[in-house]
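Values below: every heavy atom of this structure, side chains too, minus hydrogens, waters and symmetry copies. Positions are given from 1 along the sequence. What you are looking at is a predicted structure, and each value in this text was computed from that prediction instead of being measured.
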Amino acid sequence: MISPSLDVRYTVQKGRHVVALSEIPPNTPILSEAPYSVISKSPALQPPSPSLPISGKYLVNLCYRTVIRVLADPEYSFERFKECQRVPCSKGFVGGFEAIASLYPRDIEVQKEDVRVVVESVKQDIGSGEVEHIVRHVFSVLCCNVQGITEMGVDGDDELKEGRIGSGIYTSLALFNHSCKPNTRVYFKGDGEVTMVTTDTIYTGQEVFHNYGPDPILLSTEERRAALSRQYDFACQCSVCSSETDLTISFKCPACSGPFDPNTGHCRNCDTPVDMRGMCARLDILHSPHLPILGGRRLRDAVAMAGYVYHPDNVELGFIMNRCSNAAERDGQLDLAIECMERAVQILKHWCGQLSYTTAIKLLRLTVLRIKRLESNGKLDENLRETIVNDGKLCVQLYSELQITRHKDLEAVNAFLESN
C-alpha cells in the first residue's frame, strides 16, 4: 500500500518518480508492500505469488528457481544486460534463446535452464515471436529493481551488525529514485514485507528518495557514483554527489573555516595555502592506534585538534569523535564523552537524516551517557530528563522496527523510561 499523500510522476530526465502531494511529517509510514518475488536463505522468507507484472499488456510468471539463479550470480551486471539488448532478435525462439544464454558467465547448461524457464513461462501466453523481448525485460527487472532484504543483529561485543538475508522485487518501492542523502528509511518484517518511513519533513511537491545502497558515511562521492553506475547504469546527480565540494572528506581551512582541497593545498573559498606538513602530522596523531587509550589533557587536546583539522561535515570527524567519546568515558570524563558523541550524532543527522537507523545507533549511546550524567548530578535536571525521554523513545521505536530487543544500551534506556 502506497500513501495517498504521494503521487507517481514521469519526466524524461527522471523517469518515473514519487513526489509528495502534501506536507509529510518525519517518522510517517508512507509505504507497506509485500514482495512479488523473493529469494533468501532464511526459511522465514518464503516465495509469495510468483506473478510479476512486466507491462500493462503482459503478466509474466517468474519461476522461483530462475530468480534464485540470476540474483545469486555475483558476476551478473547491467553491462551484461546491455550486451543482451544488442543481440539481433530471431524469428524463432530457439535462436534468440541461445544468443541470450551465451551472454551469462555461468555453466552453459545452467544458462540454458535459466532462460528456458522464463521462456516457457511466457511462451504459452504471448507466442514465441516476442519471447526474446520479454526475456530481456525480465532480466532487466531483476538487475535494476532488486531490493536487498537485510536484518540487524548484535554480535558478541554488543555491536550492531547488518546482514543481507535475501533479495526481493517490490514494484512500488522500485518507483522511488535514489539519493545518497535520502528522506526515508526502510525496514523488513520476517516475511519480506517492506515498510518505508520518512526521516525528515517532506514538503508539498518535494521528491521522495530511497537509498539504493551506497552510503556517504562509508564511501566517497567517486566510490558511490562508480557503484551506482556499475549496478544501475546511471550517474548519480543527488544533492550530495552534485556538490562541487565533497564535504564528506573535506578538511577545514584555518583562515576561513571553509573546505580546502588537500590535492592543491589551497582553500576553495579564500585560496589560502594550507600547511600540509603540519596537517599530515596532526592526522597521524588522530589516526594513531593509541587514540582510544588517551586520557586527561592529551585526550582533550586530541578533540580540539580534530575540530581544527576537519570540516564540521567530514564523516571521518564523526568516527574520531566516537572514538574520543569512548576514551573519555573510560577516563571518567563524562562531559567530554557527551560532547564528542553529540558531535558524532550531529554529523550522522546531517548525512543520514535525524530519524535514520545509522543515527539511532549513536543516539542510543548518547542517551545512555546522558542518563549517567543525570544520575551523577545529584539533583533533577528537568530539561536533560525530557531530552533523554524523547530520544530514548525514538531509539526504542527504531530498534523495534529492526526487531532488536536485546542490547545492553537499549536495556539501560528501557529501564530509565519505565521509571520515568
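Counting heavy atoms from C-beta outward, Cys340 and Val303 have side chains that approach closer than 4.5 Å. In this structure, the side chains of Tyr170 and Gln147 come closer than 4.5 Å at one or more pairs of heavy atoms.
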With side-chain contact (heavy atoms from CB on, under 4.5 Å) as the criterion, how do Asn269 and Cys253 come out once you've worked through the C-alpha distance, each side chain's angles and the decisive distance to 0.1 Å? CA-CA 9 Å; Asn269 291 345; Cys253 171; over 6 Å; no
Can you check side-chain contact (heavy atoms from CB on, under 4.5 Å) on Arg365 and Ile361, steps first, answer last? CA-CA 7 Å; Arg365 181 91 280 269; Ile361 293 171; over 6 Å; no
Run the numbers on Phe416 and Arg385 for side-chain contact (heavy atoms from CB on, under 4.5 Å), then give the verdict. CA-CA 10 Å; Phe416 180 87; Arg385 189 198 70 82; 4.0 Å; yes
Audit row: Ser32, Glu193, side-chain hydrogen bond (donor to acceptor under 3.5 Å, both in side chains) steps and yes/no: CA-CA 7 Å; Ser32 180; Glu193 180 180 324; 2.6 Å; yes
Taking it one step at a time, do Tyr399 and Thr405 satisfy side-chain contact (heavy atoms from CB on, under 4.5 Å)? CA-CA 7 Å; Tyr399 272 66; Thr405 56; over 6 Å; no
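Comment: Glu411 does not engage Lys408 in a salt bridge, judged by the lack of any side-chain N to carboxylate O separation of less than 4.0 angstrom. Under the 4.0 Å criterion applied to side-chain N and carboxylate O atoms, Arg370 and Glu342 are assigned as salt-bridge partners. By the 4.0 Å N-to-carboxylate-O rule, Glu339 lies too far from Arg300 to be salt-bridged with it. The pair Asp7-Arg9 counts as a salt bridge, with a side-chain nitrogen and a carboxylate oxygen less than 4.0 angstrom apart.
A donor-acceptor pair is defined here as one N or O able to donate and one able to accept, closer than 3.5 Å; such a pair exists between the side chain of Thr204 and the backbone of Glu23. Of the possible donor and acceptor atoms, one in the side chain of Glu33 sits under 3.5 Å from a partner among the backbone N and O of Leu173. Distance alone, capped at 3.5 Å, is enough to place a donor-acceptor pair between the Thr184 side chain and the Phe209 backbone. At least one donor-acceptor pair under 3.5 Å links the side chain of Ser376 to the backbone N or O of Lys372. Formation of a donor-acceptor pair under 3.5 Å by the Lys181 side chain with backbone atoms of His350 is found in this model. The backbone N or O of Ala20 sits nowhere less than 3.5 Å from a side-chain atom of Ser5 that would complete a donor-acceptor pair. For Thr359 (side chain) and Leu355 (main-chain N/O), no donor-acceptor pair under 3.5 Å exists by modelled atom type. Using modelled atom types, no side-chain atom of Ser325 and backbone atom of Met321 make a donor-acceptor pair closer than 3.5 Å.
Checking Gln333 against Asp331 by side-chain atom types alone, a donor-acceptor pair falls below 3.5 Å. Side-chain N/O atoms of Asn177 and Lys14 include no donor and acceptor closer than 3.5 Å. A donor and an acceptor atom, one from each side chain of Gln397 and Asn27, are located under 3.5 Å apart.
Ring pair His210/Phe176: centre-to-centre distance not below 6.0 Å.
Between Tyr357 and Tyr187, the two ring planes are perpendicular [angle over 60°; tilted spans 30° to 60°]. Relative orientation of the Phe234 and Tyr212 rings is perpendicular, given thresholds of 30° and 60° on the angle between their planes.
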